[in-house]
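Single-structure report; data block below.
These numbers come from a predicted model, not from an experiment. Chain identifiers are assigned alphabetically (A, B, ...) following the order of the sequence lines, protein sequences preceding nucleic acid strands; residue numbering begins at 1 within each chain.
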Amino acid sequence: MVTLQFVPYGEIADLSSVGRIRMLLNIAKENKIVLLQGRLRKEEETELIQATMEEINKEFKGIELAVIDPNASKSGGGLRGFKDGLVNGLLGNRSGMTIIGPASIVKEIKKDPTKIELMTKDKRNGKKKKNGKRK
Amino acid sequence: MLNFMQKFLNHFFKNLFKSKKNIKLGLYGPPNGGKSTLANRICMDWLGEEMSSVSNVAHETREIQIKEQIKVKDKKGKKELSFNLVDTPGIATKIDYEEFLKSGMKEKEAKKRAKEATKGVIDAIKWLDDMDGVVVVLDSTKDPYSQVNITIVGNLAARNIPVLIAGNKVDLKKSDIKKVQAAFPQYKVVGLSAKYGKNVQDFYDTLFKVMK
């Protein structure tokens with residue numbers, strides 16, 4: 001059985017970077033797949049990778065990470081870009097979704113423009129199992 | 001706010017005292033993209049000696065490797081770019097020692113390699129701030145949209161570090177350099193084969209443009 005835990009952005013909005021990463025990583029370490037509303041800051045994404053590496057042991061092999069940001073291709077320069085940057089800077093980036101899955105369960109996350117494919121590990125025979133999720 | 005001021009001052013003083021001769025050019029990317037092969041190609045071309053060991057097993061480079069004072073010339077031989085080349089361990093979000101066992105490694109050795117690899121990833125990320133320019137080396141036969149690639153490039157952009165994307169392994173049939181270009185439209189992308197030296201001159205010429 002695979003457990004998905006949805007985390008609304010409001011739950012991490014007031015946390016420090018360390019607090020956010022700790023919270024998300026702790027959920028993943030409980031063998032749950034995190035569906036976070038919005039995305040972390042770019043620096044926090046690398047901090048998440050760093051923190052993951054520090055935690056790797058016999059039981060915890062790391063994470064699979066995917067960020068889906070529908071505004072990434074639209075945002076650019078100009079007033080719109082400035083406005084988006086300002087809003088994201090003040091309130092955090094709540095658009096899109098971040099998926100963090102423990103590597104012991106999630107084999108691979110594939111993204112394409114219309115869907116996300118989450119390949120989970122079949123524990124019985126080690127084969128990949130495909131779980132599609134439309135955006 | 002205090003954190004921002006500290007970062008600003010660090011950056012300011014770092015740039016103030018940095019000599020042009022000490023430019024650090026980093027090779028970053030996921031494991032097995034060909035960073036060390038490219039490092040060796042650059043070093044063989046301009047120093048006549050290799051820099052790093054390479055292997056088909058992921059995470060061969062587990063420590064930062066530096067080769068100092070590499071001087072690259074442009075096609076006409078008029079311009080010169082001098083830098084210290086930094087070959088970094090591949091950045092990954094997961095490391096499983098059992099994967100190394102599949103390549104015939106013994107358990108003890110595989111566990112040691114996995115432990116060193118996790119430390120290597122941490123070190124590579126820590127070094128990001130010290131880079132003056134970065135070549136992101138990707139395997140052009142693989143999906144360029146992987147989150148590790150996007151996170152690395154996004155972080156470099158946030159730090160205002162010049163980026164050149166090298167789509168490596170164009171000698172392989174599965175290579176799709178157009179897909180790499182489509183994934184990173186705002187960056188210069190060069191397709192090359194570091195192993196066989198294909199399109200390497202194009203890589204050097206583009207490096208001049210990116211690092212100017």
Side-chain angles (χ1 to χ4, degrees), chain A residues 16-18 24-25 28 39-69 72-73 75-77 81 85 88-89 93 96-113 116-117 119 121 126, chain B residues 1 3-4 7 28 30-31 58-59 62 89-102 107 110-111 113-129 142-161 179 182-186:
Chain A
S16 65
S17 290
V18 176
L24 299 172
L25 209 49
R39 60 181 300 175
L40 296 168
R41 294 188 193 99
K42 288 186 172 78
E43 297 84 354
E44 288 171 344
E45 281 175 22
T46 45
E47 283 167 26
L48 174 67
I49 297 175
Q50 266 184 305
T52 302
M53 288 298 119
E54 283 162 6
E55 301 272 325
I56 283 182
N57 57 33
K58 212 175 167 184
E59 284 83 37
F60 181 63
K61 315 278 187 194
I63 55 167
E64 271 295 331
L65 173 68
V67 180
I68 294 106
D69 189 351
S73 54
S75 69
N88 290 342
N93 192 346
M97 183 177 271
T98 302
I99 302 168
I100 303 164
S104 55
I105 293 175
V106 182
K107 173 101 179 156
E108 196 181 356
I109 303 173
K110 281 186 181 176
K111 293 185 285 181
D112 84 19
I116 308 157
E117 278 183 346
M119 319 288 220
K121 279 184 181 170
Chain B
M1 191 65 185
N3 197 16
F4 172 78
K7 270 189 180 172
Y28 274 82
H59 299 286
R62 299 183 296 284
I91 295 182
T93 56
K94 58 180 179 184
I95 293 168
D96 185 355
Y97 80 91
E98 286 174 17
E99 291 293 320
F100 301 135
L101 295 176
K102 290 176 192 166
E107 191 171 325
K111 280 182 177 169
R113 191 181 181 97
K115 199 171 181 188
E116 288 170 354
T118 58
K119 194 180 167 293
V121 176
I122 295 167
D123 287 345
I125 293 172
K126 278 183 187 162
W127 273 66
L128 264 178
D129 262 334
K142 291 194 174 153
D143 179 18
Y145 293 96
S146 91
Q147 194 56 44
V148 164
N149 298 345
I150 291 163
T151 300
I152 297 170
V153 173
N155 264 268
L156 293 166
R159 290 168 160 92
N160 285 323
I161 297 171
K179 202 173 175 186
F184 303 101
Q186 61 276 57

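Looking only at side-chain heavy atoms (C-beta outward), Thr93(B) and Thr52(A) stay at 4.5 Å or farther from each other.
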(request) Give the C-alpha distance, both sets of side-chain angles, the deciding distance and a yes or no for side-chain contact (heavy atoms from CB on, under 4.5 Å) between Ile125(B) and Ile49(A). (result) CA-CA 9 Å; Ile125(B) 293 172; Ile49(A) 297 175; 3.8 Å; yes

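Within the 4.5 angstrom heavy-atom criterion, no atom of Glu47(A) approaches chain B. Heavy atoms closer than 4.5 Å to chain A are found nowhere in Ile152(B), neither backbone nor side chain. For Gln186(B), no part lies near chain A; criterion is any non-hydrogen pair under 4.5 Å. Looking at Ile56(A), only its side chain comes within 4.5 Å of chain B, counting heavy atoms on both sides.
Side chain of Gln147(B) to backbone of Glu64(A): no donor-acceptor contact under 3.5 angstrom is found. Under a 3.5 Å cut-off, the side chain of Lys111(B) and the backbone N or O of Lys58(A) do not form any donor-acceptor pair.
Nearest approach of Gly154(B) to Lys42(A), heavy atoms of both residues: O-CD, 3.2 Å.
By the 6.0 Å contact criterion, NZ on Lys61(A) is enclosed, its count of non-hydrogen atoms from other residues, nucleotides or ligands being greater than 12. Within a 6.0 Å radius of NZ in Lys115(B), no more than 12 heavy atoms belonging to other residues, nucleotides or ligands are found.
Here Asn155(B) is the residue among Ile91(B), Asn155(B), Val148(B) with the most heavy-atom pairs under 4.5 Å with chain A.
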